[in-house]
Amino acid sequence: MLKVASDFALALTVTLGVLLIWRLNDQIAYILWLFALPPAAFFTFGTKRAAVALGLLLIALLLSPFVSPAAMPPETFSLSYFVRVIAAFFTLSLFSALGEYSRAHTQRTLVALTREMEQCACTDPLTGLLNRRGIYDRLNEERARATRSGSTFSVILCDVDHFKNVNDCFGHQCGDHVLHQLAEHFRRSVRGQDVVCRWGGEEFLFILPETDEQGALNLAEKLRSTVEQTPVNYHGMPIDITLSLGVQECTLTESTEFHIRVADQKLYIAKEHGRNKVVSGNIEELMPQELIA
């Protein structure tokens, strides 16, 4: 509908311009109206479409002395004056086009920069994964999708065991390398619809659409086993890494924040029972009632 209205306005502009050229005998009004068209056309219709419209007007302007001589009587419009009008109209149209192109280019640049800034605000610079701010939008989207389809989804909260020891023994650059390598491994290990984020520090959060707790448990155990068996290579030096993970299936009766908190409690249990473990199941059966928030 918008495009139809825009096309109609463009055709109307050309028609009025032609009528203006061929019917208006008043020299001052002729010049004022004619030179008002290029800026208005480029601002309204954009560079390409306005160029077409003004090109048609320029053709009409060139043909006007031959098609309608009465519209430009010699006593009002001399040949030299007519040539100056053509040159001025063309120059104004050219500068209007350049101005509109510059405005549109600046707008596109600002939009691209805004999107880039939004992406940077939601992305962890070290791992390239979503950060905590970015993951909340995906959590809300997944909850809404699960509500519509009546399906379920699960989350896994993962923590690198004894990560402080890695930083203390091998330096923070080594720690950053370990996190980056783990992030790459996680990306390769999940499905296309799954989402991984850096939850904070050495913690990672997984969102698994259309996955029950058993399916999430299988993935968590696979991640734990693979990481345990595959040391991270840092300048030829193998770094042994293990993971502790808490698994929680998300129901629609509780908030997403509640389920993440439960996954965090299960992660805490894994840490308390020796690390390098995956914990799932009913949280009430796993820890004392007074510790369940």
Side-chain angles (χ1 to χ4, degrees), residues 115-142 153-211 215-248 250 256-257 259-261 263-264 266-268 270-271 275-280:
R115 289 176 179 170
E116 184 178 346
M117 290 177 65
E118 289 176 351
Q119 184 177 4
C120 289
C122 297
T123 304
D124 174 56
L126 175 62
T127 62
L129 300 174
L130 289 175
N131 58 19
R132 184 176 290 210
R133 176 180 178 180
I135 200 66
Y136 273 114
D137 290 338
R138 300 299 296 270
L139 282 167
N140 293 333
E141 290 173 7
E142 184 53 35
F153 68 101
S154 297
V155 294
I156 301 174
L157 194 57
C158 162
D159 184 83
V160 183
D161 296 329
H162 300 297
F163 184 71
K164 184 177 183 301
N165 292 344
V166 175
N167 284 330
D168 291 343
C169 296
F170 304 103
H172 288 277
Q173 286 186 339
C174 177
D176 290 347
H177 177 75
V178 168
L179 292 176
H180 184 269
Q181 291 301 108
L182 284 174
E184 291 299 314
H185 172 66
F186 293 156
R187 281 196 189 95
R188 295 191 299 266
S189 301
V190 299
R191 303 167 300 177
Q193 67 266 35
D194 298 334
V195 183
V196 188
C197 91
R198 187 180 179 190
W199 189 243
E202 64 271 21
E203 287 187 337
F204 296 87
L205 179 71
F206 297 75
I207 304 176
L208 311 176
E210 299 182 350
T211 305
L217 176 61
N218 293 338
L219 174 62
E221 181 58 36
K222 175 185 174 184
L223 293 172
R224 186 205 64 77
S225 176
T226 305
V227 169
E228 180 187 22
Q229 298 170 16
T230 312
V232 175
N233 187 295
Y234 181 66
H235 297 308
M237 180 173 51
I239 309 293
D240 292 323
I241 298 296
T242 60
L243 303 176
S244 296
L245 306 99
V247 177
Q248 173 68 10
C250 300
T256 305
E257 290 78 9
H259 291 297
I260 293 176
R261 189 164 65 249
D264 188 50
K266 294 177 180 180
L267 174 60
Y268 171 81
K271 293 283 191 182
R275 295 179 169 83
N276 193 23
K277 295 182 183 298
V278 178
V279 175
S280 65

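- Between Phe204 and Phe186, the distance separating the two ring centers is shorter than 6.0 angstrom.
- Asp161 and Thr242 form a side-chain donor-acceptor contact under 3.5 Å, judged by distance and modelled atom types alone.
- Separation of atoms CG (Leu217) and CD1 (Ile156) is listed at 8.5 Å; rounding is to 0.5 Å.
- Put simply, the side chain of Gln181 does not reach to within 4.5 Å of the side chain of Tyr234, judged on heavy atoms.
- Looking at Thr256, Leu208, Ile207 one by one, the single match for side-chain contact (heavy atoms from CB on, under 4.5 Å) with Glu142 turns out to be Ile207.
- Side-chain atoms of Ser189 do not come within 3.5 Å of backbone N or O of Arg187 as any donor-acceptor pair.
- Not one N or O on the side chain of Arg198 forms a donor-acceptor pair closer than 3.5 Å with the backbone of Ala183.
- Here the side chain of Asp264 pairs no donor or acceptor atom with the backbone of Ile260 at under 3.5 angstrom.
- Taking NZ of Lys266 as the reference point, atom OG of Ser244 lies at 15.0 Å (rounded to 0.5 Å).
- Thr127 contributes no side-chain N or O that, together with a main-chain N or O of His180, makes up a donor-acceptor pair within less than 3.5 Å.
- Taking NZ of Lys277 as the start and CZ of Arg275 as the end, the distance is 11.5 Å to the nearest 0.5 Å.
- Separating the CD1 atom in Ile135 from the CH2 atom in Trp199 is a distance of 7.5 Å, to the nearest 0.5 Å.
- Ser154 places a side-chain N or O within 3.5 Å of a backbone atom of Thr211 that can act as its donor or acceptor partner.
- There is no side-chain donor-acceptor pair under 3.5 Å between Ser225 and Glu221.
- The environment of CD in Gln193 is crowded: more than 12 heavy-atom neighbours from other residues, nucleotides or ligands sit within 6.0 Å.
- The distance from atom CG of Leu205 to atom SG of Cys158, rounded to the nearest 0.5 Å, is 10.0 Å.
- At distances below 3.5 Å, at least one donor-acceptor pair connects side-chain atoms of His177 with backbone N or O atoms of Asn233.
- Shown here is Arg133, whose CZ atom has no more than 12 heavy atoms of other residues, nucleotides or ligands within 6.0 Å.
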